[in-house]
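Worth saying up front: this structure is predicted, and the values here are computed from it rather than measured. Throughout, a chain's letter reflects where its sequence line sits, starting with A, and its residues are numbered from 1.
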Amino acid sequence: MTLRLFNTLTGEVDLLAPADGVALRMYACGPTVYDYGHIGNFRTFLQVDVLRRFLRLTGIKVRHVMNITDVDDRILHNAAEAGVSIREYTAVYEQAFFEDLEALRVERPEVMARATEHIPRMVELIQKLAAAGAAYQTEDGSWYFRLAAFPEYGKLSKKDLSGMEDGARVDLDEYEKDSARDFALWKAAKPGETSWDTAIGRGRPGWHIECSAMAMEYLGESFDLHAGGEDLIFPHHENEIAQSESVTHKTFARHWMHVRFLLVDGRKMSKSEGNFYTLRDLLLKGYKASAIRLALISVPYRHQFNFTFDGLIEATSAIERLRTFRERLRMGVFATGENPALQASAKKAQAEYLAALANDLNTAEARAPIFDLLRAANTAMDQGLLLAGDRDAILAVLASFDAVFDVLEDRDAEATRRALEWAVQAGRLSDVAPELLARQGLTDEAIDALVAERSLAKKQRNFARADQIRNELAEKGVVLEDSKDGVRWKRK
RNA sequence: GCGCCGGUGGCGAAGCGGUUAACGCGCAGGUCUGCAAAACCUGUAUACGCGGGUUCAACUCCCGCCCGGCGCUCCA
């Protein structure tokens, strides 16, 4: 099973395989830790997670490097405003980012690299660029990349800059640059600003250089895949290519994957539109982390995804059905043997599932065979035609589904609980949905007691009291399920 | 303005030259139940933005238009 993945560089769907035949070396642009992550950020990280999980499912090892941008204009500005060091400032958001990844079940990359811890590597790279005539220093001490030194500039974003005139676009404070499009490699220190004293002067790195330096540090001069949000194609990734290849004269990344931006209610997500959501916002509204994960990955990465609360509710229902199905299989008692028809269904579902993902990570298509199998198996169970061997085969298919989607295990309460703890500590309790608070206020023991009381009332045929208890619990988000094996309850 | 992507049933969303046009959600019936809920089953009478064209055949290719989005500047 080989993955065919769209490659921004070639503009085609190309095979993706490790060049060394062993491990796929990939670099994915991580967060700038100046604020809490929003769902747009997480769509990208989640789609990259789908990629790496699928690779591993098909037996390919992954060496995945992600940068943490912990120095940039916004960080400098916000930290100064808060009167703390940039390290103190970013630590909060970096920690929050990791917690959010965990809530969303995003696997940790093999290497997480902070920009501030790789300054020497960036300096070295800039020195090499200077030696190659591709970098120059301006009067204020900043360093710029000379676009004219890299004729292939524009090959990723398919821009032809040859015809572009500099004149009209020169910013006043960039008058020193040779060409308006030359970009900063190193920014000279301004008074009071956090800076590093280095061989190329006192200052701080430009945005792009960190990725080139760290990717080469951990993956070598040439590696398999580079991924990120679509907005990074230009200028960020284009600049990375220019910086890196001007020094190495080797292809920087062979394959480039870009995740499409999402919309919220059909419009661009933005704070001014009032449709801007962090993961924490959603958890505090009572949406489950698993539903957010499923919603964010169910539309293939190259398609625009329109985020809505209805979509979250849909994902919640779909997950519930899948979980119930798996539980039914696990708990059921089945005669030994195999039903050939179900064996065939399982095999077919597995093959279709893998084929869909192998086809440019078509997650939407990949879901279909799983639900087909669910229906076939439920029908068979209703008719007593499902045997123990079928159960095992079907559970195996679910396991490979979950190896990528990872929504079947219920860890939602934990993620929600943590979000609530954070809300308390961050003074964000007013953002918590009232139902969620009511729900949390009810202990398991209290629920058990009410359920027991209701069972007794039922036995005495006091249905009025029984229904009263049921309604009371329902209002607090606790759903009761009567079955022959007793009463089960769960928090909605 | 230039470049790129998309408009599929009530909603979300695959497919992309000939298929019964997946799948999910919702809704409606049914089974079960004290009644429900949950679960399961079944169903959802002519859904492919508009107008041209190419073709034996178009949702699928081409052209134009309308609408939405993205990039060209910080942004996942």
Side-chain angles (χ1 to χ4, degrees), chain A residues 8 11 28-32 34-35 37-48 69 72-74 154 157-161 164 169 171 181 183 207 227-236 258-263 266-271 294-296 298-308 310-325 327-328 352 356 359 362-375 377-383 457-459 461-464 466-467 470-471 473-474 478-484 487-490 492:
Chain A
T8 311
C29 287
T32 300
Y34 71 103
D35 203 349
H38 61 250
I39 54 175
N41 296 316
F42 290 116
R43 157 129 138 129
T44 298
F45 298 130
L46 242 6
Q47 294 286 358
V48 171
T69 301
D72 87 328
D73 291 345
R74 288 165 298 187
S157 55
K158 318 295 177 214
K159 287 183 193 304
D160 180 7
L161 268 42
M164 287 207 178
R169 318 198 64 182
D171 287 348
R181 289 206 163 244
F183 57 88
W207 173 33
E230 65 169 335
D231 57 306
L232 300 182
I233 297 172
F234 188 89
H236 186 54
H258 291 99
V259 180
R260 197 91 194 266
F261 263 33
L262 58 66
L263 302 179
R267 286 177 306 171
K268 183 171 180 171
M269 179 171 77
S270 78
K271 287 180 179 170
L294 185 65
L296 255 20
S298 286
V299 173
Y301 77 97
R302 275 213 287 155
H303 290 212
Q304 201 161 54
F305 165 66
N306 184 20
F307 174 88
T308 62
D310 282 349
L312 245 30
I313 291 166
E314 183 215 302
T316 308
S317 302
I319 290 171
E320 203 52 45
R321 182 143 86 113
L322 289 166
R323 285 178 180 171
T324 303
F325 172 60
E327 201 57 18
R328 190 180 181 196
E352 288 179 355
N359 178 21
N362 192 333
T363 46
E365 195 180 356
R367 282 173 50 160
I370 302 302
F371 283 96
D372 285 337
L373 181 62
L374 175 149
R375 207 172 328 102
N378 268 327
T379 303
M381 278 191 276
D382 286 349
Q383 298 169 162
K458 267 177 59 179
K459 203 167 281 177
R461 304 196 66 76
N462 180 359
F463 295 122
D467 290 351
R470 187 170 63 198
N471 291 337
L473 286 171
V478 177
V479 180
L480 300 190
E481 292 172 21
D482 294 340
S483 74
K484 6 181 201 298
V487 185
R488 262 210 303 264
W489 61 263
K490 62 185 173 193
K492 219 172 78 186

> Quick one: A:Phe234 CZ to B:C4 P, roughly how many Å, whole number?
Replying inline: 17 Å
>> From OH of A:Tyr301 over to C1' of B:A13, roughly how many Å is that when rounded to an integer?
In response: 17 Å
>> Can you check the distance between B:U73 and B:A13, where both ends of the measurement are the P atom (answer in whole Å)?
In response: 30 Å
>> So, taking the atom named OG1 in A:Thr324 and the one named CD1 in A:Ile319, what distance separates them when rounded to the nearest 0.5 Å?
In response: 11.5 Å
>> Rounding to an integer number of angstrom, what distance separates B:U20 and B:G29 when you compare their P atoms?
In response: 32 Å
>> Say we look at B:U19 and B:G12: how far apart would their P atoms be, to the nearest angstrom?
In response: 26 Å
>> Distance check, C1' atoms only: B:A47 and B:A39, in whole angstrom units.
In response: 30 Å
> Rounded to the nearest Å, what distance is computed from the CG atom of residue A:Asn306 to the P atom of nucleotide B:A13?
Replying inline: 7 Å
> Considering only the P atoms, how many Å lie between B:G24 and B:C67, rounded to the nearest integer?
Replying inline: 36 Å
> Rounded to the nearest 0.5 Å, how far apart are CG of A:Asp73 and CH2 of A:Trp207?
Replying inline: 11.5 Å
> Would A:Asp231 and A:Arg260 count as a salt bridge (charged side-chain N to carboxylate O under 4.0 Å, His left out) if you check the C-alpha gap in whole Å, the side-chain angles of each, and the deciding distance to 0.1 Å?
Replying inline: CA-CA 8 Å; A:Asp231 57 306; A:Arg260 197 91 194 266; over 6 Å; no
> Taking the side chain as C-beta and beyond, is there a heavy-atom pair between A:Trp489 and A:Arg470 under 4.5 Å?
Replying inline: no
>> Can you check the distance between B:G71 and B:C27, where both ends of the measurement are the P atom (answer in whole Å)?
In response: 37 Å
> Do A:Lys458 and A:Asp482 have side chains that get closer than 4.5 Å, going by heavy atoms?
Replying inline: yes
> How far, in whole Å, is B:U44 from B:A21 if one measures between their C1' atoms?
Replying inline: 15 Å
> Could you go step by step and tell me if A:Ile39 and A:Arg43 meet the side chain to side chain contact (heavy atoms under 4.5 Å, CB included) rule?
Replying inline: CA-CA 6 Å; A:Ile39 54 175; A:Arg43 157 129 138 129; over 6 Å; no
>> Between B:G26 and B:A37, how many Å separate the two P atoms, rounded to a whole number?
In response: 13 Å
> What is the distance from NE2 of A:His303 to P of B:G7, rounded to the nearest Å?
Replying inline: 8 Å
> Which residues satisfy the ring-ring contact (aromatic ring centres under 6.0 Å, His included) test with A:Phe305, sequence neighbours excluded?
Replying inline: none
> Atom CZ of A:Arg302 and atom C1' of B:C5: how far apart are they, to the nearest Å?
Replying inline: 10 Å
> Can you check the A:Ile233 CD1 to B:C5 P distance for me, whole Å?
Replying inline: 12 Å
> A:Glu481: what forms a side chain to side chain donor-acceptor pair (under 3.5 Å) with it, not counting sequence neighbours?
Replying inline: A:Lys490
Under 3.5 Å, N/O pairs linking protein and nucleotides 74-76 of chain B:
from  : atom 1 : to       : atom 2 : distance (Å)
B:A76 : O5'    : A:Asn41  : OD1    : 3.4
B:A76 : O4'    : A:Asn41  : OD1    : 3.0
B:A76 : O2'    : A:Thr44  : OG1    : 3.3
B:A76 : O2'    : A:Gly229 : N      : 2.6
B:A76 : N7     : A:His38  : NE2    : 3.4
B:A76 : N1     : A:Leu262 : N      : 3.3
B:A76 : N3     : A:Gly40  : O      : 2.7
B:A76 : N3     : A:Thr44  : OG1    : 3.1

> Stepwise, does the side chain to side chain contact (heavy atoms under 4.5 Å, CB included) test hold for A:Glu230 with A:Val259?
Replying inline: CA-CA 5 Å; A:Glu230 65 169 335; A:Val259 180; over 6 Å; no
>> Output the rounded distance in Å from CZ (A:Arg488) to P (B:U33).
In response: 16 Å
>> Contact between A:Met269 and A:His38 at the side-chain level, heavy atoms closer than 4.5 Å - yes or no?
In response: yes
> According to a 3.5 Å limit on both distances, what stems of 3 or more consecutive Watson-Crick or G-U pairs are formed with RNA chain B?
Replying inline: B:1-7 with B:66-72, B:10-12 with B:23-25, B:26-31 with B:39-44, B:49-53 with B:61-65
> Over how many whole Å does the gap from A:Arg367 atom CZ to B:C23 atom P extend?
Replying inline: 12 Å
> Nearest to the side chain of A:Glu365 - B:G24, B:G15, B:A13?
Replying inline: B:G15
> At under 4.0 Å between heavy atoms, what does A:Ala318 touch on the DNA or RNA strands: base, sugar-phosphate, or nothing?
Replying inline: sugar-phosphate
>> Once side chain to side chain donor-acceptor pair (under 3.5 Å) is applied, do any residues pair with A:Glu365, and if so which ones, sequence neighbours excluded?
In response: A:Asn362
>> How would you summarise protein contacts on nucleotides 34-43 of chain B per nucleotide, using B for base, S for sugar-phosphate only and - for none, with heavy-atom distances below 4.0 Å?
In response: BBBBSSSSS-
> Taking the side chain as C-beta and beyond, is there a heavy-atom pair between A:Phe307 and A:Leu312 under 4.5 Å?
Replying inline: yes
> Are any side-chain N or O atoms of A:Gln47 and backbone N or O atoms of A:Leu296, one a donor and one an acceptor, separated by less than 3.5 Å?
Replying inline: yes
